[in-house]
Amino acid sequence: MFSRIKEDINSVFDRDPAARTSFEVILNYPGLHAIWIHRLSHRLWCANWKLLARVISTFSRWLTGVEIHPGAKLGRRVFIDHGMGIVIGETAEIGNDVTLYHGVTLGGTSWKAGKRHPTLEDNVVIGAGAQVLGPITIGKGGKVGSNSVVVKDLPANATAVGIPGRIVPDKPSKGEGQQREAAAKKYGFDAYAVSHDNPDPVAKAIGRLLDHVHLMDDRVSALCKEVNTLGGDICDKNLPELRVGEFVEDEKAAAQRRESKVTSFDPEI
């Protein structure tokens, strides 16, 4: 028992730079307290002392702000950072070296008996406020971004973000990233919105569209040169420039008009 407690304390130092001394960790980390109390309630649950196990888990929730059903299975060196608002369901299974941040829910999507909560394999990280729902599996080394909602299995070493959770694609090559940035500047998009470092799948989709536009531009330019060589003049006129900035200014003006209407509203009318 004491070796497991020491192991838990060392895991805090490995994953939280704010931890300074072992005594501080023992006194001030409610996530650690919740795990220790859960081990007791889980043993009682497995020994069929279910009412007492539930009472102890409820006391732990009141004390730490972390709700772990006594039927849930936790591995070694699980680290709950901050802890407040975490909910772990009855049939949830958590592997070794898993990290959970505050506001995480490992919940179910069905009222039917049986396996209805997630399984987190080793070295998984779940960001603050994320919801992992249903009898799904988050593979080894998987990561779930903050405030994401994941309802499907996540492969090993993959990262899911968004609502619903979508797997972040791999980074494009250096040449592809430079080409996309040049196309974004040409068509008035802010470069950071399609940066290859941006993990947003929607931004990735916009980047793919820009890749397609850039390719079509190159082909149209080549076609125009050939037409001009044959004596045509249909390609002398430039295409109209797309000005996203004008749209932004129009939206700001509309927002100001709406604001002026609200401030001028008389509640007595």
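In this view, H33 satisfies the ring pair (Phe, Tyr, Trp, His ring centres under 6.0 Å) rule with no residue, not counting sequence neighbours. Checked against side chain to side chain contact (heavy atoms under 4.5 Å, CB included), V151 has the following partners two or more places apart in sequence or in another chain: L133, V149. Residues passing the side chain to side chain donor-acceptor pair (under 3.5 Å) test with W36 are D8, sequence neighbours excluded. For P164, there are no side chain to side chain contact (heavy atoms under 4.5 Å, CB included) partners, not counting sequence neighbours. A search for side chain to side chain contact (heavy atoms under 4.5 Å, CB included) contacts involving F13 returns I9, A19, S22, V25, not counting sequence neighbours. For T137, the side chain to side chain contact (heavy atoms under 4.5 Å, CB included) partners are T119, E121, D153, not counting sequence neighbours. R20 pairs by the salt bridge (Lys or Arg N to Asp or Glu O under 4.0 Å) definition with E24, not counting sequence neighbours.
Below 30°, between 30° and 60°, or above 60°: for Y29 and F79 the angle between ring planes is between 30° and 60°, a tilted geometry.
Distance check: M216 CE to R219 CZ gives 7.0 Å after rounding to the nearest 0.5 Å.
Legend: salt bridge (charged side-chain N to carboxylate O under 4.0 Å, His left out) pairs involving residues 43-58, not counting sequence neighbours: none detected. Within the structure, salt bridge (charged side-chain N to carboxylate O under 4.0 Å, His left out) contacts touching residues 137-148 (residues at least two apart or in different chains) do not occur. Counting only residues at least two apart or in different chains, salt bridge (charged side-chain N to carboxylate O under 4.0 Å, His left out) contacts with residues 55-72 comprise R61-E67.
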Could you list the donor-acceptor pairs under 3.5 angstrom formed by side chains in residues 87-104, with sequence neighbours left out?
residue	atom	partner	partner atom	Å
E90	OE1	R116	NH2	2.9
T91	OG1	R116	N	3.1
T91	OG1	H117	N	3.0
T91	OG1	H117	ND1	2.7
N96	OD1	R76	N	2.8
D97	OD1	R77	NE	2.6
D97	OD2	R77	NH2	3.2
T99	OG1	R15	NH1	2.9

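Side-chain atoms of T64 come within 3.5 Å of backbone atoms of V66 as a donor-acceptor pair (strictly under, hydrogens ignored). Side chain of S148 to backbone of G162: a donor-acceptor contact under 3.5 angstrom is found.
Follow the hydrophobic side-chain contacts under 4.5 Å out from I163 and you never reach V150; the two are in separate clusters.
The side-chain contact (heavy atoms from CB on, under 4.5 Å) with L154 is formed by just one residue from the set V124, L120, I138; it is I138.
For K73, the NZ atom counts as loosely surrounded, since its 6.0 Å shell holds 12 or fewer non-hydrogen atoms of other residues, nucleotides or ligands.
With side-chain heavy atoms closer than 4.5 Å counting as contact, directly or through intermediates, the hydrophobic cluster containing I56 also holds I37, L40, L44, W49, L52, F59, W62, L63.
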